[in-house]
Structures are given as C-alpha cells and as structure tokens.
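Scroll down for the structure; my scribbles are underneath it.
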Amino acid sequence: QQAANSLRKYKEDKKHMEITKKRTEETNWGQVKELVAAGSLKVGDEISDNLLTGQKMVYVVADITEEEVKFVSKDLLPERVVWNENGRNTGGFKESDLCRYLNEEVWAILPEELKAVISERECLQIVEGKEERFMLKLWLPSEFEVFADSWASEVEEGQQFEIFKDPRNRVKFDQDGERATWWLLSVCAGYSTNACYVYYYGYAYYNSCSDALRVPVCFSIKK
C-alpha cells in the first residue's frame, strides 16, 4: 500500500512539473528601449554587446522601477582603477577620479547605439552626514543598493536592487574568469581615505581610495 501511495504521489507531482527555457534573440538598443517602454523586460534578463575595444559585455537587468530600468554588467572591465588618485574620499563619488573615468573614458568606448538610449540617473551619496543628489549616465551602485545594509558606509543610500537580493549575483568575474573585487559608490564612514567595495566572495568591505580595483558598467534606460 505504501508503494502504491508513493507511485500515485509521484504521478501527481509529475503533472505539476514545469520547464523554464532561455530564449536568445537578435536585437539592437533601439529595440531594447522599446522593450523598456513596454515593460517587457524582467530582472535577470541579459543583453550582450561589444565595446568599441572589441570586448564582449553582458548587461543584466538589475532593477526595475516605475521610471527606469537599471542595467549592471555581469562581468568587470579589465582595467584596475583607483577611486581617487589623491587617496581621499572628499567630495564623494561625484568628485572622484573613478566617476570621471566612467563618464569620460568608459563612455568613450560604448557603442553610439547604446549611448543614444542611456538616460541620466539620479544618484544619492551621503558623505559626513551631507546628502547630495546628482545626475550621471554611468554610475556605480551604493553599498546599500547591493547589500540592503550599510555595514561600512553606515548610511542608507537608495534601495536594494532586486538582482542583488540573491547573494550569488554580487560576485563578479574578471576576463580570466576569476572572482574579482569591485568598487561601489559609497565612502567608508569615519575614514577620509577609504571607499566601499564588494569583496570577491561577494561580501561588503572597504579599501584605500588609492588602491586599484575593477568596476562594472552600470546605466539606466528610462521608460
């Protein structure tokens, strides 16, 4: 009787099995913009494209709000870059060499079709208790937007991105497929020389602004 019940339960469970398939389609950034406007994208969707350097980048839908869709590259750029050459976090991310690097040097190697659909995003930084909002085309998430915690920054800058609610998505890789640490927007509270980053195991940490770490490519497309 027990064997018969087990067989019946197996058959009932089998009826409710589901299969999820990934579908790959040809697209362009104009069509992606249309998908954003139509609300057809979901968190976790991936879009592949090449930089002008020839490097392939995979951009993942990281978060969706009523106003915009945020994309964060799955992998990191090959260059290691300092947060600030002078080794200080004065002025926060807005005034950092890292911000300039993203919005000048990295911006210059994005395809024109991608640049045409990127929208400025309002970023929030809190440095020594001073809150400042500013607009950027290329940015980095804050510590709170990755971890829903302010372990090193001690401030809540923004809301956690949906993609980072799964800790596995906080881990990023370099061009050799190795785990790598990557910079965040946030400064480290109580220190004038440190900024926050994601350690290569996926947890929060901080480092000297003069150290060189890697970064993803992050941008938004408005609906």
Result block: side-chain N/O donor-acceptor pairs under 3.5 angstrom for residues 31-40, not counting sequence neighbours:
from	atom 1	to	atom 2	distance (Å)
Gln31	OE1	Thr27	OG1	3.1
Gln31	OE1	Asn28	N	3.1
Lys33	NZ	Lys222	O	2.8

Could you give the side-chain donor-acceptor pairs of residues 107-117 under 3.5 Å, partners two or more places apart or in another chain?
from	atom 1	to	atom 2	distance (Å)
Glu112	OE2	Lys115	NZ	3.1

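Taking CD of Gln175 as the start and CG of Leu76 as the end, the distance is 7.0 Å to the nearest 0.5 Å. Between Lys172 atom NZ and Arg179 atom CZ the span is 13.0 Å, to the nearest 0.5 Å. Atom-to-atom distance recorded for Met57:CE and Asp75:CG is 7.0 Å, nearest 0.5 angstrom. Note that CD1 of Ile221 and CD1 of Ile47 are 6.5 Å apart. Values are rounded to the nearest 0.5 Å. Here SG of Cys209 is found 6.0 Å from CG of Asn194. Values are rounded to the nearest 0.5 Å. Here CG of Asp63 is found 9.0 Å from CD of Gln160. Values are rounded to the nearest 0.5 Å.
Listed by chain and number, the hydrophobic cluster partners of Leu124 are Ile126, Val155, where partners are ILVMFWY side chains within reach of under 4.5 Å, directly or through others.
Considering only heavy atoms from C-beta on, Pro141 comes within 4.5 Å of Trp182 through its side chain. Taking 4.5 Å as the limit, some side-chain heavy atom of Trp183 sits within range of a side-chain heavy atom of Asn207. Taking the side chain as every heavy atom from C-beta outward, Tyr200 and Val171 never approach each other to under 4.5 Å.
Residues forming a salt bridge (Lys or Arg N to Asp or Glu O under 4.0 Å) with Asp176 (at least two apart in sequence, or on another chain): none. Under the rule for a salt bridge (Lys or Arg N to Asp or Glu O under 4.0 Å), the partners of Lys42 that lie at least two apart in sequence or sit in another chain are Asp45. Considering only residues two or more places apart in sequence or on other chains, Tyr59 meets the ring-ring contact (aromatic ring centres under 6.0 Å, His included) condition with Trp29, Phe219. Taking Tyr203 as the reference, Tyr199 meet the ring-ring contact (aromatic ring centres under 6.0 Å, His included) condition, with sequence neighbours excluded. Every residue two or more places apart in sequence or in another chain was checked for a ring-ring contact (aromatic ring centres under 6.0 Å, His included) with Phe134, and none qualifies. For Arg133, the salt bridge (Lys or Arg N to Asp or Glu O under 4.0 Å) partners at least two apart in sequence or on another chain are Glu122, Glu131. Remark: Glu79 engages no residue in a salt bridge (Lys or Arg N to Asp or Glu O under 4.0 Å) (not counting sequence neighbours).
No path of Ile, Leu, Val, Met, Phe, Trp and Tyr side chains, each step under 4.5 Å between heavy atoms, connects Val82 with Leu185, placing them in separate hydrophobic clusters. Hydrophobic cluster membership is shared by Val217 and Ile163, with clusters built from Ile, Leu, Val, Met, Phe, Trp and Tyr side chains linked at under 4.5 angstrom. There is a path of hydrophobic side-chain contacts, each under 4.5 Å, that joins Leu51 to Val215.
Leu138 approaches Leu102 most closely through the heavy-atom pair CD1-O, 2.9 Å. In plain terms, the two heavy atoms of Pro216 and Leu140 that are nearest each other are CD-CD2, 3.7 Å. Heavy atoms only, all atoms of each residue included: Cys99 and Ser96 are closest at N-OG, 3.0 Å. Annotation for Arg214 and Leu77: closest pair CD-O, 3.4 Å, computed over non-hydrogen atoms.
Here the side chain of Asn89 pairs no donor or acceptor atom with the backbone of Gly92 at under 3.5 angstrom. Remark: side-chain polar atoms of Trp139 are not paired, donor with acceptor, to backbone N or O of Glu120 under 3.5 angstrom. In terms of modelled atom types and a separation under 3.5 Å, the side chain of Ser142 and the main chain of Glu145 share a donor-acceptor contact. With hydrogens and angles disregarded, a donor-acceptor distance shorter than 3.5 Å links the side chain of Lys223 to the backbone of Thr65. No donor-acceptor distance shorter than 3.5 angstrom exists from the side chain of Glu143 to the backbone of Cys188, with no hydrogens or angles considered. Between the side chain of Trp83 and the backbone N or O of Leu184, at least one donor-acceptor pair lies under 3.5 Å. The main-chain N or O of Ser220 is never found under 3.5 Å from a side-chain atom of Glu68 such that the two would form a donor-acceptor pair.
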Checking side-chain contact (heavy atoms from CB on, under 4.5 Å) for the pair Glu132/Val127: CA distance, chi angles, key distance, verdict?
-> CA-CA 8 Å; Glu132 188 171 6; Val127 182; over 6 Å; no
Trace of the side-chain contact (heavy atoms from CB on, under 4.5 Å) decision for Tyr101 with Val106 | CA-CA 6 Å; Tyr101 165 77; Val106 176; 3.5 Å; yes
Begin from the C-alpha positions of Val72 and Val60 and carry the test side-chain contact (heavy atoms from CB on, under 4.5 Å) through to its verdict.
-> CA-CA 5 Å; Val72 176; Val60 183; 5.8 Å; no
Working for side-chain contact (heavy atoms from CB on, under 4.5 Å), residues Asn169 and Phe161 = CA-CA 11 Å; Asn169 294 327; Phe161 289 3; over 6 Å; no
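Tyr206 and Tyr191 have parallel rings, their planes meeting at less than 30° on a 0 to 90° scale where 60° marks the start of perpendicular.
Counting non-hydrogen atoms of other residues, nucleotides and ligands closer than 6.0 Å to CZ of Arg88 gives a total of 12 or fewer. Counting non-hydrogen atoms of neighbouring residues, nucleotides and ligands closer than 6.0 angstrom, the OH atom of Tyr205 reaches no more than 12 such neighbours.
Sorted by first and then second residue, the salt bridge (Lys or Arg N to Asp or Glu O under 4.0 Å) pairs involving residues 154-163 (not counting sequence neighbours) are Glu162-Lys165. Residue pairs meeting the salt bridge (Lys or Arg N to Asp or Glu O under 4.0 Å) criterion with at least one member in residues 96-111, sequence neighbours excluded, are Arg100-Glu104, Arg100-Glu105.
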